[in-house]
Amino acid sequence: MEIKKQIVPILFFLMILFLATYQDFPLMNNFGEIARSPIVFFSPFMLIYILSHKKIIFSKYLSYWISYLIYLFFLSIACLYLIKILNGSLEVFYENLVIKTLKMLVYPIVGIIFYQFIYVVLKQLKNPLYVVFHALLLLQLFTIVWLAFEIYFLKKPISFMSFIHANPIKYWRVRLWTLEESWTGTILILLTFFPVYFLYKLNLYRWKRALTITASVIIFISYVIVSESKGFLVLVMICVLPLAFQFIKKHKYLRRISFILAGFILALFVVAVINLRDVMFDQFNNSITFGTRFTSIYAAIDVFLHSYIGVGYSGFVNFYPQSIEAAMNSGVFDGFNLQEIKAYLSTTKALSTKSEFFDNLIFGGIVYLYFFYKFFIQRYYNLSKIARQETYFLRIPLLFIILAGIIYITYHIKYEVWLFLAFLDFVQEYYYKNAEPTKETT
């Protein structure tokens, strides 16, 4: 295939990839947290594109998400009525709960639009795997250059490209074009493993294959060495490296050098352990992260135990801070730095458990647990049943995303997550049934 014929789709998808991973947009200062990603400004045009098709087909997984959101919408309305009875007012921390609920609904609505947009675009592209691969390869190369500069400037008094961030202050860790380091894990894991998947599905020139593998190795190793993200390092040890070793053992060619590769993986494991140990020892009693995480999880479980069906978005704003206050008064978390979590007792700004799973455990209760199983766990299980070696390079980032959403991130503006999941929908429903590998021509 002549790459010249695909240059426009490749550049278009590259733009989508970058917009999905750009998560500290300066317009956030004008339009609020939802504008931390530029995707929200493009979502109306994406919706128009989706509606321009005479027949709109949702994947079964997206149908689960839409159904879950409808449930949350009606539950939020019901909880507004309950809060009005209990408090005599719909204001919490001087903010109207109706307005706050509508703001919180914007996140999943934009996420669904973006998810469906990617799904539709992949269906419309003439050679979708070819286009996505080359867009990913270009983003890999851009990321390597960016990482090199950012690592170089880590110990310097000036920041690298600080003007692209909403708050251009000096940041002492690698964060790419996101708010903070913890947000980079899903992006870098996708850029490490996702492109390798296409090496099995496309007949590419050898130099492209070598370039892709080299880029993946550079991105992964360089970030593992400098990372101070506790969640990222833990997941590298418990899911990424073990699955990578499992792939090596099942690969008929790599088995011959499995001893060497096992040593390489062990070395990465040791580096991750050392980094994690240093971070843990240095921050356990002083960092606000541990106090926020432990207290918020305790409070989330407390709210869930008092309302198994969930409390919706409106109830989250009202009841979650009350549970935080009860947790802090219990004395269990007195040894931790609770400075950040205390702010949740006076404002609704950035109110969250810092975990997608525990946020939604409060929002949707047991209904969310059912959704979580159908949308994430069953997807991973079905992907694991496909007897193809290349699926390891989809399973590794998928498992990382699932566990990261449980341990340390939310998906509010993590549009690379929705892009990847939409791609999985497309692959599972179309590619494995119909498509053949695409050949390049000179």
Side-chain angles (χ1 to χ4, degrees), residues 14 16-24 37 132-133 135-154 160-161 164-165 171-199 211-244 247 264-265 268-269 271-272 275-276 279 356 392-405 407-411 413-421 423:
L14 175 62
I16 293 174
L17 280 171
F18 183 74
L19 290 175
T21 55
Y22 186 13
Q23 295 159 11
D24 200 18
S37 168
V132 175
F133 165 74
L136 279 168
L137 178 57
L138 290 173
L139 187 58
Q140 274 189 315
L141 299 177
F142 176 74
T143 303
I144 289 173
V145 175
W146 190 283
L147 271 174
F149 278 105
E150 199 161 11
I151 291 171
Y152 174 78
F153 279 95
L154 277 181
F160 174 63
M161 300 283 282
I164 73 162
H165 295 282
Y171 191 80
W172 300 94
R173 299 180 183 179
V174 172
R175 60 171 171 173
L176 299 181
W177 35 91
T178 70
L179 171 65
E180 59 184 48
E181 187 184 26
S182 61
W183 290 19
T184 63
T186 51
I187 296 172
L188 292 174
I189 287 297
L190 282 175
L191 288 177
T192 296
F193 294 97
F194 191 21
V196 181
Y197 166 80
F198 298 91
L199 304 188
L211 183 61
T212 301
I213 293 172
T214 302
S216 293
V217 171
I218 290 173
I219 289 172
F220 186 67
I221 292 178
S222 61
Y223 186 63
V224 168
I225 291 173
V226 302
S227 177
E228 294 184 34
S229 171
K230 296 172 285 295
F232 173 81
L233 293 171
V234 167
L235 293 187
V236 163
M237 292 187 294
I238 68 173
C239 76
V240 175
L241 295 180
L243 275 177
F247 165 76
F264 177 70
I265 289 177
L268 285 176
F269 188 88
V271 170
N275 272 6
L276 183 62
V279 173
E356 181 72 14
Y392 273 93
F393 299 99
L394 301 178
R395 287 167 54 196
I396 290 173
L398 177 58
L399 183 59
F400 185 95
I401 285 169
I402 293 172
L403 294 178
I407 297 173
Y408 75 104
I409 65 168
T410 64
Y411 302 152
I413 60 167
K414 300 293 290 176
Y415 294 106
E416 80 279 5
V417 170
W418 307 131
L419 185 150
F420 179 66
L421 295 182
F423 178 85

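Residue numbers start at 1 and run along the sequence shown. All figures in this text were calculated on a predicted structure; none of them were measured in a lab.
Counting heavy atoms from C-beta on, the side chains of Leu190 and Leu136 never come closer than 4.5 Å. Inter-residue side-chain proximity for Met161 and Phe149 is flagged as unmet; no heavy-atom pair is nearer than 4.5 Å. Residues Leu154 and Trp172 have side chains not in contact (no heavy-atom distance under 4.5 Å, counting atoms from C-beta outward). In this structure the side chain of Leu199 never reaches within 4.5 angstrom of the side chain of Phe393, judged on heavy atoms. The shortest distance between side-chain heavy atoms of Phe133 and Leu137 falls below 4.5 Å. You'll find the side chain of Phe220 stays beyond 4.5 Å of the side chain of Leu191, heavy atoms only. Taking 4.5 Å as the limit, some side-chain heavy atom of Thr143 sits within range of a side-chain heavy atom of Leu188.
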Inset, instruction - Tell me, with the steps shown, if Phe193 and Phe400 meet ring-ring contact (aromatic ring centres under 6.0 Å, His included). - result: CA-CA 11 Å; Phe193 294 97; Phe400 185 95; 9.0 Å; no
Inset, instruction - Please lay out, stage by stage, how Trp183 and Ile187 fare under the test side-chain contact (heavy atoms from CB on, under 4.5 Å). - result: CA-CA 8 Å; Trp183 290 19; Ile187 296 172; 5.9 Å; no
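Every residue meeting the side-chain contact (heavy atoms from CB on, under 4.5 Å) condition with Ser37, not counting sequence neighbours, appears here in chain and number order: Ile39, Ile413, Tyr415. With sequence neighbours left out, the side-chain contact (heavy atoms from CB on, under 4.5 Å) criterion links Ser222 to Leu147, Ile151.
Using modelled atom types, one side-chain atom of Tyr22 and one backbone atom of Ile164 make a donor-acceptor pair closer than 3.5 Å. Gln23 places no side-chain N or O within 3.5 Å of a backbone atom of Lys414 that could act as its donor or acceptor partner. Glu181 places a side-chain N or O within 3.5 Å of a backbone atom of Ser229 that can act as its donor or acceptor partner. One N or O on the side chain of Ser216 and one on the backbone of Thr192 form a donor-acceptor pair closer than 3.5 Å. In this structure, the side chain of Glu416 does not engage the main chain of Thr21 through any donor-acceptor pair within 3.5 Å.
Tyr197 and Phe420 have their aromatic ring centers separated by at least 6.0 angstrom. For Phe232 and Tyr223, the ring centers are positioned less than 6.0 Å apart.
The two atoms that bring Leu179 and Tyr171 nearest to each other are O-CE1, 4.2 Å, heavy atoms only.
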